[in-house]
Visitor: 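Structure below; questions to follow.
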Amino acid sequence: MAWAALRPVVKACIGGSLIGITISDRYFSFATVHGGSMRPTFEGSTDGREYALVKRSPLYDYCRGEVVVFVSPVDHRSPAIKRLIGLPGDWISVRDKEEIRKIPEGHCWVEGDNGSASWDSRSYGPVPLGLVQGRVTHVVWPPGKMGRVDKKVPPEGRVMPQRNL
């Protein structure tokens with residue numbers, strides 16, 4: 001008798017969970033922002049009280065200047081949030097090192113908005129596109145910072161895009 005009463009509730013919970021997992025895996029998810037590497041775009045408190053909406057996108061659908069979430073190439077257990085600076089085939093002028101590097105096929109170049117506090121491609125090199133999980137579109141928490149995350153294109157002369165001849 002008790003099972004008959006609980007059955008609809010259990011079915012709804014299981015169905016809702018499966019739908020939620022599918023949506024989170026294929027369309028969008030949420031990311032917690034930690035650290036100060038993306039200031040002023042994100043404050044990145046150490047207690048994890050800032051959340052961003054992440055839109056899952058195909059590998060070929062990214063643009064320079066967007067904020068992306070990727071699996072850290074240094075610690076595969078932790079996601080990182082940085083700004084996409086360069087795409088495959090681009091030549092990039094690396095600040096602080098006074099060098100120009102070509103981004104290999106299948107990779108991208110990411111940097112934090114707060115360069116002095118950021119561990120990014122300047123430290124570990126280009127990031128494989130397969131590690132990119134999606135683009136950050138909105139800040140969803142705290143309420144005072146809710147809003148769209150702006151795209152900021154790198155300054156002129158910093159990135160030389162690949163030319164298709």
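In what follows, every heavy atom counts, from backbone to side chain, and hydrogens, waters and symmetry copies are set aside.
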Visitor: If you define the side chain from C-beta out and look only at heavy atoms, does anything of Pro73 sit under 4.5 Å from Leu131?
Guide: yes

Visitor: Atom CD in Glu99, atom CZ in Arg122: separation rounded to 0.5 Å?
Guide: 12.0 Å

Visitor: Between Pro126 and Pro104, is any pair of side-chain heavy atoms under 4.5 Å apart?
Guide: yes

Visitor: Are the side chain of Ser93 and the backbone N or O of Arg158 linked by a donor-acceptor pair below 3.5 Å?
Guide: no

Visitor: CD/Gln133 to OG/Ser29 distance, rounded to the nearest 0.5 angstrom?
Guide: 7.0 Å

Visitor: Is Val68 close to Tyr62 at the side-chain level, that is, under 4.5 Å between some pair of heavy atoms?
Guide: yes

Visitor: Looking at Val127, Leu84, Val94, Val159, which hits side-chain contact (heavy atoms from CB on, under 4.5 Å) with Trp109?
Guide: Val94

Visitor: What do the steps show when you test Ile92 against Ile100 for side chain to side chain contact (heavy atoms under 4.5 Å, CB included), and what is the final call?
Guide: CA-CA 5 Å; Ile92 186 153; Ile100 296 176; over 6 Å; no

Visitor: Establish whether Tyr124 and Ile103 are linked, either directly or via other cluster members, by ILVMFWY side-chain heavy-atom contacts under 4.5 Å.
Guide: no

Visitor: Given the rule in the side chain to side chain contact (heavy atoms under 4.5 Å, CB included) test, do Val139 and Phe42 qualify, once you have shown the distances and angles that lead to the verdict?
Guide: CA-CA 8 Å; Val139 175; Phe42 299 106; 3.4 Å; yes

Visitor: Just jot down the side chain to side chain donor-acceptor pair (under 3.5 Å) partners of Asp90, sequence neighbours excluded, or say none.
Guide: Arg64

Visitor: Filter on salt bridge (charged side-chain N to carboxylate O under 4.0 Å, His left out), then keep only pairs touching residues 78-88, sequence neighbours left out; what's left?
Guide: Arg83-Asp113

Visitor: Just by modelled atom types, is the Gly125 backbone N or O under 3.5 Å from a matching donor or acceptor in the Ser121 side chain?
Guide: yes

Visitor: Taking Val67 as the starting point, is it possible to reach Ile85 by hopping between hydrophobic residues whose side chains are less than 4.5 Å apart?
Guide: no

Visitor: Cut-off 3.5 Å, no hydrogens considered: what does the side-chain donor-acceptor table look like for residues 143-153, sequence neighbours left out?
Guide:
unit_1, atom_1, unit_2, atom_2, d
Lys145, NZ, Thr41, O, 3.2

Visitor: If you measure from OG on Ser37 to CD1 on Ile81, what distance do you get to the nearest 0.5 Å?
Guide: 8.5 Å

Visitor: For side chain to side chain contact (heavy atoms under 4.5 Å, CB included), just list the numbers for Phe70 and Val110, CA-CA rounded to whole Å, side-chain angles, deciding distance to a tenth of an Å, and then say yes or no.
Guide: CA-CA 10 Å; Phe70 59 96; Val110 295; 3.6 Å; yes

Visitor: Closest heavy-atom contact between Asp120 and Gly112?
Guide: OD2-N, 3.0 Å

Visitor: Mind checking whether Trp141 and Phe30 have side chains closer than 4.5 Å, heavy atoms only?
Guide: no

Visitor: Is there a side-chain contact between Pro88 and Glu105 (heavy atoms, below 4.5 Å)?
Guide: yes

Visitor: Closest heavy-atom contact between Pro79 and Arg77?
Guide: CD-O, 4.0 Å

Visitor: Restricting to non-hydrogen atoms, name the atom on Ala31 and the atom on Val69 that form the minimum distance, rounded to 0.1 Å.
Guide: CB-CG2, 4.3 Å

Visitor: A side-chain contact here means heavy atoms from C-beta on lying under 4.5 Å apart; do Asp61 and Arg135 qualify?
Guide: yes

